[in-house]
Amino acid sequence: MNRVLVTGSVGQIGSELTMFLRDRYGNENVVAGGRKTKPSEELKNSGPFEVVDCTDIEAIRRVIEKYKIDTIYHLAALLSAVAEGNPQLAWNVNINGLINVLEVAREYNCAVFTPSSIGAFGLTTPLDNTPQDTIQRPGTMYGVTKVSGELLCDYYYQKYGVDTRGVRYPGIISYVTPPGGGTTDYAVEIFYDAIRKGKYTCFLKKGTKLDMMYMPDALKAAVDLMEAEAGSLKHRNAFNVSAMSFAPEDIEAEVKKIIPDFTMDYDVDPLWQSIAESWPNYMDDSAAKEEWGWKPKYDLPAMSKDMIEKLRIKLGM
Ligand code: SER
């Protein structure tokens, strides 16, 4: 049976993943773990919520024992731009937090899902059709923690047999919980501003292509990989996964199709721009397709249509 802990359950992916897993495995079987930020009423009222700071190994252990957890979705992490603002904190949360989770998983025989990211690549990586196995020399602390995390997860599988699995997520687009301080956040902000103000100022330059994915596909990727037959996996951690790749002007055009008066201008942020330029334009995700049947549902037009429909309802506009 699946008895699950989600760390970072109050964050952008964690908040929706927790509800998705509760639907699938039963509310009582999915514990939402969060740190300081308040959980939504939905998250708190639909199943167990526990305060878990992943830098505190005892706190993780207590929850694993109390609920007899067998699977951990470890979503607690700092995103790229925030990590650049406080690299030491990013190391502590993203790496010391991860090794705590892996240690507890080793002790209690849990499977672990850990997201890596397009941020695990850098300027020396081939940025077009980025291969599954390639050069990874990221120039950000976020990227350093993501590559280290990929290696740690491989190590815990090889050395201790912990069932570690993971994907390299691209920018994730969603309408429930806003992302916090990522380089790809513009692709979420644009929808809020298009609906509220009819205009958006983009912090990335025209022509900056990045991989992206709509939340329903991101949730499906995590669960499909965790439920895949172990024998079919040649890679375990850090599968490239993508659903679409676009530059700011491409999403602008898509939003305009639905909101014709929408306008966009640019005020480029050098930090975000330099990070984005060191990440892939688009990744080759054929290993995920071959090994566990990865198949996204939403492309740019389908995602934009659904985002605008759902956000209009959420914002009452
Ligand atoms: N969305 C993330 C970020 O921009 C990428 O993994 O930091």
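Read the numbers this way: they start at 1 and go in the same order the structure lists the ligands and their atoms. Values reported hereafter were calculated over all heavy atoms of this structure, with side chains retained and with hydrogens, waters and symmetry mates removed.
A salt bridge between Glu65 and Arg61 is absent, with no side-chain N of the basic residue lying under 4.0 Å from a carboxylate O of the acidic one.
Arg3 and Asn29 share a side-chain donor-acceptor pair at under 3.5 Å. Side-chain contact check for Ser80 and Thr183: at least one donor-acceptor pair (N or O, by modelled atom type) lies under 3.5 Å.
Counting heavy atoms closer than 4.0 Å to ligand 1, residue Trp279 contributes side-chain atoms (C-beta onward) but none from N, CA, C or O.
Ligand 1 places these atoms under 4.0 Å from at least one heavy atom of Thr184: 1 (N), 2 (C), 4 (O). In the vicinity of Ser117, heavy-atom distances shorter than 4.0 Å reach the ligand 1 atoms 5 (C), 6 (O). Taking a cut-off of under 4.0 Å to the non-hydrogen atoms of Thr183, the atoms of ligand 1 that pass are 3 (C), 4 (O), 7 (O). With ligand atoms numbered from 1 in the order given, ligand 1 contributes 3 (C), 4 (O), 7 (O) to contacts under 4.0 Å with heavy atoms of Ser80.
An N or O contact shorter than 3.5 Å links Tyr142 to ligand 1 by distance.
In the hydrophobic clustering, where aliphatic and aromatic side chains (Ile, Leu, Val, Met, Phe, Trp, Tyr) are joined below 4.5 Å either directly or transitively, Leu151 groups with Val147.
Every residue two or more places apart in sequence or in another chain that forms a side-chain contact (heavy atoms from CB on, under 4.5 Å) with Glu277 is listed here: Lys205, Gln273.
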